[in-house]
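Structure record follows, encoded as structure tokens.
Just so it is clear: chains get the letters A, B, ... in the order the sequence lines come, proteins before strands, and each one is counted from 1.
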Amino acid sequence: METNQSISIKNLALSFGALDVLKDLNLDVGQGEFLVLLGSSGCGKSTLLNCIAGLLDVSDGQIFIGGRNVTWEEPSERGIGMVFQSYALYPQMTVAGNLSFGLKNAGLPKAEIEERVNRAAKVLQIEPLLSRKPAALSGGQRQRAAIGRALVRDADVFLFDEPLSNLDAKLRADLRVEIKQLHQKLSNTMIYVTHDQIEAMTLADRIAIMRGGQILQLASPNEIYNRPANKYVAEFIGSPTMNFFEGDIVGGDGLRFSTGDQFFPLEGYEFHNGTPVQGPAWFGIRPEHMVTGAEADTAAIRLNGSVELVEPLGSDTLARVAVAGRSLWVRMDGQALVRDGDSVTVGFDPARANLFDKSSENRI
Amino acid sequence: METNQSISIKNLALSFGALDVLKDLNLDVGQGEFLVLLGSSGCGKSTLLNCIAGLLDVSDGQIFIGGRNVTWEEPSERGIGMVFQSYALYPQMTVAGNLSFGLKNAGLPKAEIEERVNRAAKVLQIEPLLSRKPAALSGGQRQRAAIGRALVRDADVFLFDEPLSNLDAKLRADLRVEIKQLHQKLSNTMIYVTHDQIEAMTLADRIAIMRGGQILQLASPNEIYNRPANKYVAEFIGSPTMNFFEGDIVGGDGLRFSTGDQFFPLEGYEFHNGTPVQGPAWFGIRPEHMVTGAEADTAAIRLNGSVELVEPLGSDTLARVAVAGRSLWVRMDGQALVRDGDSVTVGFDPARANLFDKSSENRI
Amino acid sequence: MAAATGPARWHRNLSAKIAAIPMITTALVVFIGGTAWTVLYSFTSSKLLPKEKFVGFAQYERLWSSSKWLISIENLAIYGAFSLIFSLLIGFVLAALLDQKIRFEDTFRTLLLYPFALSFIVTGLAWQWILNPDFGIQQVVRNLGWENFSFDPLYNPDIVIYGILIAGLWQGTGLIMCLMLAGLRGIDEDIWKAAKIDGIPMWKTYIFIIIPMMRGIFITAIVLIASGIIKVYDLVVAQTGGGPGIASEVPAKYVYDAMFLSQNLGQGFAASTMMLLTVIVIVVPWAYLEFGGKRRG
Amino acid sequence: MGNVTRASADVQVSPVPQEMTGPRGPKPRTVLSRRNIMIYGTLIMVSLYYMLPLYVMIVTSLKGMPEIRLGNIFSPPVEITFQPWVKAWAEACTGLNCDGLSRGFFNSVRILIPSVLLSIAIASVNGYALANWRFKGSETFFTILIVGAFIPYQVMIYPIVIMLREVGLYGSLTGLVIVHTIFGMPILTLLFRNYFASVPQELFKAARVDGAGFWGIYFRIMVPMSLPIFVVAMILQVTGIWNDFLFGVIYTKPDLYPMTVQLNNIVNSTQGVKEYNVNMAATILTGLVPLTIYFISGKLFVRGIAAGAVKG
Amino acid sequence: TDLEVTHWWTSGGEAAAVAEFAKAFDATGNKWVDGAIAGSGGTARPIMISRITGGDPMAATQFNHGRQAEELVEAGLMRDLTDIAEEGKWKEIVFPSSLLDSCTLDGRIYCVPVNIHSPQWLWLNNSAFEDNGLAVPTNWDEFVAAAPKLQEAGIVPLAMGQQPWQTTLAFQTLLTALAGPETYTKVFGDKDAELAAGPELTKVFQAAATARDLAKDSNVQAWNDATNLVITGKAGGQIMGDWAQGEFQVAEQVAGKDYTCLPGLGVNEVIQTGGDAFYFPKVDDEAITKAQGELAKVMISPETQVAFNLKKGSLPVRGDVDLSAANDCMRKGLDILAKGNIIPGTDQLMSADSNQQVNDLFVEFFNNPEMSAEDAQAQFASIISSAD
Ligand SMILES: Nc1ncnc2c1ncn2[C@@H]1O[C@H](COP(=O)(O)OP(=O)(O)OP(=O)(O)O)[C@@H](O)[C@H]1O
Ligand SMILES: Nc1ncnc2c1ncn2[C@@H]1O[C@H](COP(=O)(O)OP(=O)(O)OP(=O)(O)O)[C@@H](O)[C@H]1O
Ligand SMILES: [Mg+2]
Ligand SMILES: [Mg+2]
């Protein structure tokens, strides 16, 4: 094992009876890295996390934590802390009790327990809540206490399973920042499962996009966002979702993408591995990479359409624009004054586009 | 009653035992209007909706629907349709059964029931699902069926209680659009309770911000966003939340806002009621109204700081910038390359600011 | 414009009130009425038929000087305490075992539950037989060679109440086990996971975490067990008839015997009143706390 | 964050052979692990204990009297005879009537069906009203009912005789059905109330908006989605009513006496020697109806209990 | 007309006896609808009383002779049979005539006595003694003397069921036998507490303690199970009423040969005039009222009396019947009856309540070896002093 791998998963497979949930999965997580597992419901994120934690017995493969093969070890011996979506606080114990129960059980001396609990409480700013029971806490406070319980374990690895999804938007944003700061402070390895792209984008050092028990792409948020490895990832990330045109990449003077009766020049597009390709393909462009108004006039590609629907978000305005029988989402400024039925010109830069092969759906 | 008021609530009060949940609440909703009730958890949104629906007995006050005093009428007699967060579909009936249950109760002829059910199913595109039971539907389909149940009632008023909050982000965005289109098609009055600002901003004709059983501000989304009536509303709306400076408005040559050792000129700021005021105040500016880089250099107000925390969202980048011992959230472009510790200049335009009185917290 | 106050309150929920008439009648006429009637006649010297010949507390004096009554109470206390403890304990342990994702769960559950389908007469009879020293367990063990083996709980006045307990537990723990199993199934999986990660041993998890979370179940279970305990009668009659001697008498039997064997209704009512009093003192405050005050949803 | 490995998008790191050492795949588990031995061992022991009486009853019921006199009640029958069953069902005498349990069987059925139906109907409506349509005092009545669950039946025999006499229902099937309904009410109401309280309130609200009233919601919404709790109630009531002896015999007359009266007569009266085999056969025969219902609906029972009892 | 008759006669001999009633009654063109409830009077009486007070009475019902039904009569729930009694000249034919007294209230007759039971018998299995080289005892003292030998042979000397009335019966028997009928009448009839506490009774309590010792290994509940121990030779003897005879008969045992009966324990030969009687609750139905009368007549008719009592093992209530079919033991009873050695039953002397208290005392005494004879006597005296 390379020593800078905190977690290393080799050929992991797991089945529930006939259902193969994880298939020959390999994953290396660096020391101190913040890895987010992102994927749609049922793709096996929690299952993977539970395997790492030792809560599920693997069907095949190996799991290393800190270079040690822990495949057969008990959860409590793996040096991990875990935080659950439903908090899973012990309801009849106070917060302090929740934090210290595992330590007491491990037979740590009283003074040390107290010290660790206080330290964790300080980090999470839940000192005033230590003597309350979970029922007397708000959602955010509960989740903080749950994180505290993982924290006191002084674990090398933290596992989070959708820790924020039971909270409302504002709290989620706050706690997201807190978790990020916590990670910066503690710098231990974290694996974080979520549905929420914003969380994934903001928290992760790397994001692993999962589908059907496999990892489709494992890369930095920036890479995932700007250079999705395939159409699934491209569609999955970003809201509103990426706009797609179906067509062909054709040669001629410079490569062009032909869709319907339109041709988009592809100058500036960075092909995957640098090799230009021809053939049936998808052309994708994100709503926020579309420009309107004056900017559109100077864009490399311009399309005329009319506004179908406007969603003013305050900070931005989303508009759905009908272009040649196709609806495109466009993000505009929050002050933009557009109305249903307005005709607009939208423009975009092919350098910002994403091209995917028609059959393999991989990036080209 | 003016006839163009679809719903009119006069001096409504409601208590659960000693707990006053709604206090002397007045609200008029115009015919065909889409009103969103927005507020933090427990502020009484659902309670208000239930009062309008007749599911709770009011303690005091009156409720008019379509000019008729319905304060003591049965829910089914009020001409309303209601959609719930948990869908509340009758699990043992098919979708068609769910839709027709209310109509059968009302004793409508069979043919008419069938016609209405089919019409609603068509509008919502759930025709193929009519013979399925709720358990065999996905979340989004269930919510559509629940809307269908309200739809068939041909009600003047639709009440929605957080209809989308059990759905995942993608579906939520889709259904949000559908509801908007539905409203445009049907143009009956809708009252919609939500936690989610995006929903509120995009759907509402007017938003009512509630707090502690009262309505703090009732205005269009644009107004709420750009001219919040008080500090609570200003903080509540917008994500990341508005940045605030504490200080005083002082005279001299042109009004200025003094905070710490800095002075912000207030040219261009539109005072509430047009009357400039002096005294202790809050100065608020939204993250998306802050500019950095080249733009900042030309801004009316400029502050130097260093980046504390970066949240790349892909489409945007949020940065928390430390300025004179205060943290400000700034929204930048998704491609912006900022890192922790970078020093940046942020600038903003006082015309975009919001000033609130220090003691009353009302807009000035 | 209509006045702000609504129509009279009584007719709201009218259907509910009408539908609740059987319940209200039962509560008021049968339970309250019957109780009041019982208490009233406990102050009379009624024999075979209720008669309004009031004798003050004479019946109570006699009641408390009767060794049969005292033994009955003692037995009830012993039986009640053990029955409550063991029913909960055994029920919970069995449920915990069944909850280990085992195979043949249905079979085991059915086996453990079936005695509940049998009446106390049947239960008593079967156990009376098995515990009979002449041809039951004692004899079988003796035939195997242990000549001095002695196990005759139903014929030994000192332990007869435990003999009855054996049958009572056999009959009743299955239901409690089902309750507990249902409760265990309602516990969030994540709690188990959290405890595993904390390295809490299984038994500690049960005692310190799971059981405290099952308060609702335990309350229902205790209501069921306790109401059964107070009423215990058939089982005693079927197994021992109160014997040997009066060693296994219980209050419900005392009441029955007083009313119908002794033809001394007054005495029976006095004993009933004492039982009711105990129930009321224990149950009413609890029931009120549990079901009264708070409002749901 | 400096030491984060920036792996390429290709994550299929081919495993280095030396890493294949150490544990791999599922944790080895033998079938006879200590845990399994403990769990299954305990369960099997306990099951045997629970089976013992039934075993003894069945075995005995298949023996002839001479064999029983030999002693060992646990030994299997040498010669299987069904005579005791025939006798218990059709020949055993009670006083002058020598037609065994068969006489009471249909009476039991006649009592059982209306009693179970009525008691469940009333208790479920009570539970529904208590959970969804509270009115002033409803909780007080419920508390009284719960206390009523603790009143020994014997205490109530007399007052109820008088009440039934006053309303002229004494000695009739109706009277008995009412008595069963009354005494089943407390526990059943508790179960139904808890169950209905766990049904989402929104469903109830939706139905009200749809114009369904008290009964509409009950019949069209609540009942159809409450099968498990109805099964629980049915099992409890079938067991209780079928096994009842006291009420059946006190509040009716001989032509309505339930099977348990015959059972009691067979068991408690002996013609010379006690015919244990007949007693046991009669006992099993009597228990057959509730037992069958258990075996059929065991799974639903646990589910229903889960729904009806968890909320306290 | 169908007449529902309730009773608690369900053992073999009893049922056979009831069948005689039914047969005779059916012969009158009516129909006997049997309402047997097993489990002794304790189980059956509440049911009967509930039915009568509940306003849905049966047409006729068994009660023990004595005061069990007194209040029902007082409450006017029972039919007055005086007319029928006068017509049938019951006053003359019923023997001993005191039987009718307990059916009489304020000079009116309310019940038909059907048999006389004498509880004071000791039943012995001859072979149990003979096989162990013992003579069959002829009285209580001999029986006690023989007991150790039986015990050695693994035979329980005295079989005793655990039902309360059985232990009381044993005590009463010992009392009458060892202290004499006068003491019996004084204690239970006159409630002479002083006597009850006196030395006369101490003797009886000592004997009861002995009986308790002799019966300590008898693990049975019902009286007929105890009788069965005697019949099968597992026990030497049993103190039981003459109804035990029915069980011996059903088991085809021959009096004098297979078993021996000792009335009054072979010491003081007396017979209690207790027994069973039938009451007829008042009903509105004309036809039933008429049939009730017929049943009353049938029950007391000589033929039925003979047939019934032969099966039941009890004595007929009239002296003018032919009992040539009677066996050895029954004859002994008839002789005693003829001599007039009769005492009233405790049911007639004391209220059910007091009887029950006595029952409770003796069941405790006989089952609790720690309870001394003195204690028991003291408690007994206290019960007698407050008895009614
Ligand atoms: N104990 C189990 N038995 C059988 N199948 C299971 C079990 N647990 C999970 N599964 C199945 O495994 C698949 C992956 O489940 P998992 O919980 O890992 O998904 P997930 O990615 O965490 O989804 P979500 O985002 O909804 O939490 C699903 O299809 C699920 O139905
Ligand atoms: N039936 C009730 N009995 C007592 N208090 C209640 C009841 N229903 C609601 N409340 C209280 O009334 C207040 C308002 O509740 P309401 O459900 O209207 O809030 P809300 O704004 O809808 O919140 P949320 O966003 O969480 O749904 C809360 O404090 C709540 O605790
Ligand atoms: Mg998951
Ligand atoms: Mg709400």
Is it the case that atom [atom1] in [X] sees more than 12 heavy atoms from other parts of the structure closer than 6.0 Å?
X        : atom1 : result
A:Glu115 : CD    : yes
C:Phe82  : CZ    : no
A:Gln125 : CD    : no

So which residues of residues 102-109 of chain A are in contact with chain C at a heavy-atom cut-off of under 4.5 Å?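 Against chain C, the residues of residues 102-109 of chain A that fall inside the cut-off (heavy atoms, under 4.5 Å) are A:Gly102, A:Asn105.
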Considering heavy atoms only, which positions within residues 45-57 of chain A lie below 4.5 Å of chain C?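 Residues of residues 45-57 of chain A touching chain C at under 4.5 Å: A:Asn50, A:Ala53, A:Leu55.
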Nearest 0.5 Å please: distance from the CD1 atom of C:Ile191 over to the CZ atom of A:Phe84.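 Rounded to the nearest 0.5 Å, the CD1-CZ separation comes to 9.0 Å.
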Could you grab the distance from atom CD1 of C:Ile211 to atom CD of A:Gln92, nearest 0.5 Å is fine?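 If we round to the nearest 0.5 Å, C:Ile211:CD1 and A:Gln92:CD are 10.5 Å apart.
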Which heavy atom of [X] sits nearest a heavy atom of [Y], and at what distance?
X        : Y        : result
A:Arg153 : C:Asp198 : NH1-CA, 3.5 Å
C:Phe208 : A:Met93  : O-CE, 3.9 Å
A:Ser76  : C:Gly199 : CB-CA, 3.2 Å
A:Ala88  : C:Ala194 : O-CB, 4.0 Å

Sort A:Leu89 into side chain, backbone, both or neither according to what part of it lies under 4.5 angstrom from a heavy atom of chain C.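 Only the backbone of A:Leu89 comes within 4.5 Å of chain C.
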Do any N or O atoms from the side chain of A:Glu74 and from the backbone of C:Lys196 form a donor-acceptor pair under 3.5 angstrom?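 No; judged by distance alone, with no hydrogens or angles, the pair does not exist.
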Within a strict 4.5 Å, meaning less than it, do heavy atoms of the A:Phe101 and C:Ile209 side chains meet?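 Yes. Closest side-chain heavy atoms under 4.5 Å.
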Below 4.5 Å, heavy atoms only, C-beta onward: do C:Ile197 and A:Arg78 meet side chain to side chain?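 Side chain of C:Ile197 against side chain of A:Arg78, heavy atoms only: no contact under 4.5 Å found.
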